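Notes for the one structure printed next.
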Amino acid sequence: QVQLVESGGGLVQPGGSLRLSCVASGSIFSIYAMGWYRQAPGKQRELVAAITSNGRTNYADSVKGRFTISRDNAKNTVYLQMNSLKPEDTAVYYCNADLRTVATMGIYDFWGQGTQVTVSS
């Protein structure tokens with residue numbers, strides 16, 4: 001069984017920073033792309049940032065220059081450093097990973113349970 005567990009969300013004032021972490025655990029053979037998505041109330045889930053196994057990154061235009069995605073392959077962990085936060089960044093942030101499981105050696109898409117980020121004064 002595979003689990004993705006996020007941490008690091010919370011309440012922050014506009015202009016502040018937060019760092020999200022997501023650890024993948026369980027019967028994992030290898031992890032390919034990892035990413036962060038977010039969903040605000042009444043809106044569709046959207047990609048925030050993604051990173052490949054060799055470190056290639058991709059960002060939504062709305063967060064370029066403010067957010068940085070990184071990963072530690074040895075720890076099966078992906079991070080999202082969020083700076084200069086704005087009220088419109090308020091959402092539930094979800095971790096995502098494409099990985100190959102030991103059990104079936106198939107490649108599957110896994111999601112974390114989400115962590116709330118609220119940007120408000």
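These values consider heavy atoms only, across backbone and side chains, with no hydrogens, waters or symmetry-generated copies. The structure presented is a predicted model; accordingly, all values stated were derived computationally and were not measured.
The salt bridge (Lys or Arg N to Asp or Glu O under 4.0 Å) check on Asp89 picks up Arg38, Arg66, with sequence neighbours excluded. Not counting sequence neighbours, the partners of Ser53 by the side-chain contact (heavy atoms from CB on, under 4.5 Å) test are Arg71. Partners of Gln39 by side-chain hydrogen bond (donor to acceptor under 3.5 Å, both in side chains), not counting sequence neighbours: none found. By the side-chain hydrogen bond (donor to acceptor under 3.5 Å, both in side chains) test, Arg19 is found to be paired with no residue, residues two or more places apart in sequence or in another chain being considered. Annotation: side-chain contact (heavy atoms from CB on, under 4.5 Å) contacts of Lys43 (sequence neighbours excluded): Ala40. Evaluation of the side-chain hydrogen bond (donor to acceptor under 3.5 Å, both in side chains) rule for Lys75 yields no partner, not counting sequence neighbours. Taking Asp109 as the reference, nothing meets the salt bridge (Lys or Arg N to Asp or Glu O under 4.0 Å) condition, with sequence neighbours excluded. Listed by chain and residue number, Ser17, Gln81 satisfy the side-chain hydrogen bond (donor to acceptor under 3.5 Å, both in side chains) test with Asn83 (two or more places apart in sequence, or in another chain).
Within the 4.5 Å cutoff, side-chain heavy atoms of Asn54 are placed close to those of Arg56. Side-chain contact between Tyr108 and Thr101: present, with at least one pair of heavy atoms (C-beta onward) separated by less than 4.5 Å. You'll find the side chain of Asp98 stays beyond 4.5 Å of the side chain of Phe110, heavy atoms only. The side-chain heavy atoms of Tyr79 and Ile69, taken from C-beta on, include no pair separated by under 4.5 Å.
Once rounded to the nearest 0.5 Å, the distance linking CD of Glu46 with CH2 of Trp36 reads 14.5 Å. Rounding to the nearest 0.5 angstrom, the gap separating the CG atom in Leu4 from the CG atom in Asn96 is 7.5 Å.
Tyr59 and Leu20 fall within a single hydrophobic cluster, where Ile, Leu, Val, Met, Phe, Trp and Tyr side chains are chained together by heavy-atom contacts under 4.5 Å.
Other residues, nucleotides and ligands place no more than 12 heavy atoms under 6.0 Å from the CD atom of Gln44.
Sorted pairs that involve residues 35-83 and meet disulfide bond (SG atoms under 2.5 Å apart), not counting sequence neighbours, are lacking altogether.
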Give the table of side-chain donor-acceptor pairs shorter than 3.5 Å for residues 113-121, with sequence neighbours excluded, one pair per line with atom names and distance.
| from | atom 1 | to | atom 2 | distance (Å) |
| --- | --- | --- | --- | --- |
| Gln113 | NE2 | Glu6 | OE1 | 3.3 |
| Thr115 | OG1 | Gly9 | N | 3.3 |
| Gln116 | NE2 | Ala91 | O | 3.4 |
| Gln116 | NE2 | Thr118 | OG1 | 3.3 |

If you look only at distance, which donor and acceptor atoms sit under 3.5 Å apart when one is on a side chain in residues 21-31 and the other is two or more places apart or in another chain?
| from | atom 1 | to | atom 2 | distance (Å) |
| --- | --- | --- | --- | --- |
| Ser30 | OG | Tyr32 | OH | 3.2 |

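Smallest separation of non-hydrogen atoms from Leu80 and Ala49: CD1-CB, 4.2 Å. For Met34 against Asn76, the heavy-atom pair with the smallest separation is CE-O, 4.2 Å.
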> Which is it for Phe67 and Leu18 under the side-chain contact (heavy atoms from CB on, under 4.5 Å) test, yes or no, and what are the steps along the way?
Replying inline: CA-CA 10 Å; Phe67 291 10; Leu18 282 175; over 6 Å; no

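Chaining together hydrophobic side chains whose heavy atoms lie under 4.5 Å apart places Trp111 alongside Tyr37, Leu47, Val92, Tyr94.
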